[in-house]
Amino acid sequence: MVGTCRPRSRWARVVSLGPILSLVFAGVVLVDSDIATAGVAVACGDTITSDTTLANDLTDCPNNGVVIGADDVTLDLNGHTIDGDAQPFEPCSEGDFCDVGVANDGHTRVRVINGSVTEFAVGVFIFAANRNRVISISSSANSFFGFVFLESAGSAIRNSSGNDNIPPEGDGLGLFSSHRTRVVGNTFKRNGLGIHVSDSTHNLFRGNLISRTQDGPGMLVEADRNEMRGNVCRRNGICILVARGSGNVVAGNRVRGDDDGIAVENGRGNLLIRNRIVDTRKSGIYLGLTHPPIGGADNVVRNNVVIGSGGEGFKVTKHDHHSILRENVARRAGDDGFRVQSRTSKLTDNRAIGNGDLGIRAVEGVTDGGGNVARRNGDPRQCVNISCT
């Protein structure tokens, strides 16, 4: 089981890999098709054991596309498409891969490059395989995932796209129990969920475009010590949600037109810094939840800018504890610039300008670190339970 087993986020999904793996994996019996030369014709279900460049499309594969059968292999799609038949393969016997476009079970230093995979259960599946590279691959119209890395380490996916995988189950990328993975310069559009990270640490997500998810977050994080840097979000349910996780860094991301911007619902010691969030329909940044009542602690929200949010610019619920908001800016929020409901929060050097209601609405007991500014907000008091200039 991969998913939440603690109080549930209002966005979080329980994702069980059991039904998926029953379709796509429980081990594989390799059949060497002796196709280790470049520019060869490959058939659906073939296993490659040396560098291979495709000379043809694979069309309407009833089961698997291509299976990787050795270490140190490059599969170059050469601009071609590996196409499934958009139907689940049944029955899938125990001990078989089923309905995977490109499948790698345990082989290291494998590269999959330059082409398209479509209409499988999972487009590209990397299982227990370290130091793999997926580069310039489009994986779309799959029923579960465009890409999956499971129990893998030291891999990368770059300059690829996981778009239009079929909602609600079809996600762009799943990273499960995988570590030190680099996800750089990819696009994830119109999926059920853009990127799902669970029980995976020390991964980097940088420069990705995530847009128009149809079942919630652009990026759902249920993991510790990951970095989300310089990504762009457009029109998702929420851009980046740390549903549970500690020690994550969310830095320099750009959000426009999502329902909510960035949130930490349950986790400790996360850093949200230098993000710019514009025109969200609800909150810009929030910590903790009221319904259900969950929250984290010791999170730092610093140097973020929220402009034109429909609700609060920044919100801290009473279930989040000892978090710090420092040097943030809230402008033109439809409600309060800052709404802080946790008495253990600390506010220092924040600016709230031209918001619809109060600049800063804090409960009694909030620590005033000084230097907070609130001007031209709708409520003439400007701030409650904290000093503002």
Side-chain angles (χ1 to χ4, degrees), residues 6-10 238 241-246 250 259-273 275 277 280-389:
R6 301 170 188 172
R8 295 286 306 283
S9 158
R10 66 186 176 94
I238 182 171
L241 170 61
V242 180
R244 58 174 176 85
S246 299
V250 184
D259 285 348
D260 293 290
I262 297 170
V264 177
E265 291 183 350
N266 189 5
R268 304 179 67 93
N270 297 285
L271 173 63
L272 282 58
I273 186 168
N275 301 286
I277 300 169
T280 53
R281 288 178 283 279
K282 298 178 183 176
S283 297
I285 290 176
Y286 70 86
L287 304 179
L289 281 179
T290 302
H291 303 291
I294 58 177
D298 302 311
N299 299 296
V300 176
V301 181
R302 183 173 180 179
N303 291 117
N304 301 281
V305 176
V306 175
I307 300 173
S309 58
E312 301 90 356
F314 297 80
K315 183 176 181 179
V316 183
T317 74
K318 65 181 180 180
H319 303 290
D320 182 87
H321 303 288
H322 302 288
S323 291
I324 296 171
L325 281 71
R326 184 182 182 94
E327 298 175 333
N328 301 287
V329 176
R331 292 181 179 271
R332 302 200 307 274
D335 202 332
D336 301 321
F338 295 79
R339 178 172 293 182
V340 182
Q341 299 170 318
S342 173
R343 295 175 181 174
T344 61
S345 300
K346 182 176 181 179
L347 279 73
T348 305
D349 293 332
N350 299 286
R351 296 175 62 85
I353 309 296
N355 299 289
D357 201 347
L358 282 160
I360 301 178
R361 184 189 299 271
V363 296
E364 291 185 3
V366 165
T367 299
D368 187 344
N372 295 292
V373 175
R375 297 173 184 168
R376 301 192 300 279
N377 298 289
D379 190 319
R381 294 176 296 173
Q382 302 300 320
C383 294
V384 172
N385 293 317
I386 200 163
S387 297
C388 296
T389 60

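The figures that follow rest on heavy atoms only: side chains count, while hydrogens, waters and symmetry mates do not.
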Next item on the list: Verify, without hydrogens or angle tests, whether N270 (side chain) and G245 (backbone) share a donor-acceptor contact under 3.5 angstrom.
Entry: yes
Item checked: Close side-chain approach of I262 to I277, heavy-atom, < 4.5 Å -> yes
Next item on the list: Could you check if a side-chain atom of I273 sits within less than 4.5 angstrom of a side-chain atom of V300, using non-hydrogen atoms only?
Entry: no
Next item on the list: With rounding to the nearest 0.5 Å, note down the distance linking CZ in R268 to CG in D298.
Entry: 4.5 Å
Note to self: If I compare all heavy atoms of S309 with all of G284, which pair ends up nearest, and what's the gap?
What the structure shows: CB-N, 4.1 Å
Next item on the list: Apply side-chain contact (heavy atoms from CB on, under 4.5 Å) to the pair L272 and N299, showing each step before the final yes or no.
Entry: CA-CA 8 Å; L272 282 58; N299 299 296; 5.8 Å; no
Note to self: Could you check whether any side-chain N or O of N377 sits under 3.5 Å from a backbone N or O of A352, counting only pairs where one atom can act as donor and the other as acceptor?
What the structure shows: yes
Note to self: Walk me through whether I360 and C388 qualify under side-chain contact (heavy atoms from CB on, under 4.5 Å).
What the structure shows: CA-CA 8 Å; I360 301 178; C388 296; 3.8 Å; yes
Next item on the list: Locate the shortest heavy-atom distance separating N328 from R302; write the atom from each residue and the value.
Entry: OD1-C, 3.4 Å
Checklist line | Main-chain N/O of G359 paired to D336 side chain as donor or acceptor, under 3.5 Å | finding: no
Check: Do D349 and N372 have side-chain atoms, one donor and one acceptor, less than 3.5 Å apart?
Finding: no
Checklist line | Atom pair CD1 (I285) and CG (D260), whose distance is rounded to the nearest 0.5 Å | finding: 11.0 Å
Check: Do L347 and D368 touch side chain to side chain, with heavy atoms closer than 4.5 Å?
Finding: no
Note to self: I'd like to check the salt bridge (Lys or Arg N to Asp or Glu O under 4.0 Å) partners of R281; sequence neighbours left out, ordered by chain and number.
What the structure shows: D259
Margin query: Holding to salt bridge (Lys or Arg N to Asp or Glu O under 4.0 Å), I want the full list of residues that pass it with R331, two or more places apart in sequence or in another chain.
Written below: none
Checklist line | Polar contact flag, side-chain donor to acceptor under 3.5 angstrom, E312-Y286 | finding: no
Next item on the list: Tell me yes or no: between the side chains of S323 and D320, is some donor less than 3.5 Å from an acceptor?
Entry: yes
Next item on the list: Please lay out, stage by stage, how T348 and I324 fare under the test side-chain contact (heavy atoms from CB on, under 4.5 Å).
Entry: CA-CA 8 Å; T348 305; I324 296 171; 5.6 Å; no
Check: Should K346 and V366 count as side-chain neighbours, where that means a heavy-atom distance under 4.5 Å?
Finding: no
Check: Between F338 and V306, is any pair of side-chain heavy atoms under 4.5 Å apart?
Finding: no
Check: Can you tell me how far the CG atom of N304 sits from the CD atom of E327, to the nearest 0.5 Å?
Finding: 10.5 Å
Note to self: Would the distance check show the side chain of N355 and the main-chain N or O of A330 forming a donor-acceptor pair, the cut-off being under 3.5 Å?
What the structure shows: yes
Margin query: Quick check for you: to the nearest 0.5 Å, what is the distance between H321 atom NE2 and S342 atom OG?
Written below: 6.0 Å
Note to self: With side chain to side chain contact (heavy atoms under 4.5 Å, CB included) as the test, pick out the partner of N350 among V329, L325, I386.
What the structure shows: L325
Margin query: Within the 4.5 Å heavy-atom criterion, are H319 and Q341 side-chain neighbours or not?
Written below: no
Notebook entry, point to check: Rounded to the nearest 0.5 Å, how far does NE2 of H322 lie from OG1 of T344?
Noted result: 4.5 Å
Check: What distance do I353 atom CD1 and R375 atom CZ have between them, rounded to the nearest 0.5 Å?
Finding: 6.0 Å
Checklist line | C383 versus A374, closest heavy-atom pair with distance | finding: SG-CB, 3.4 Å
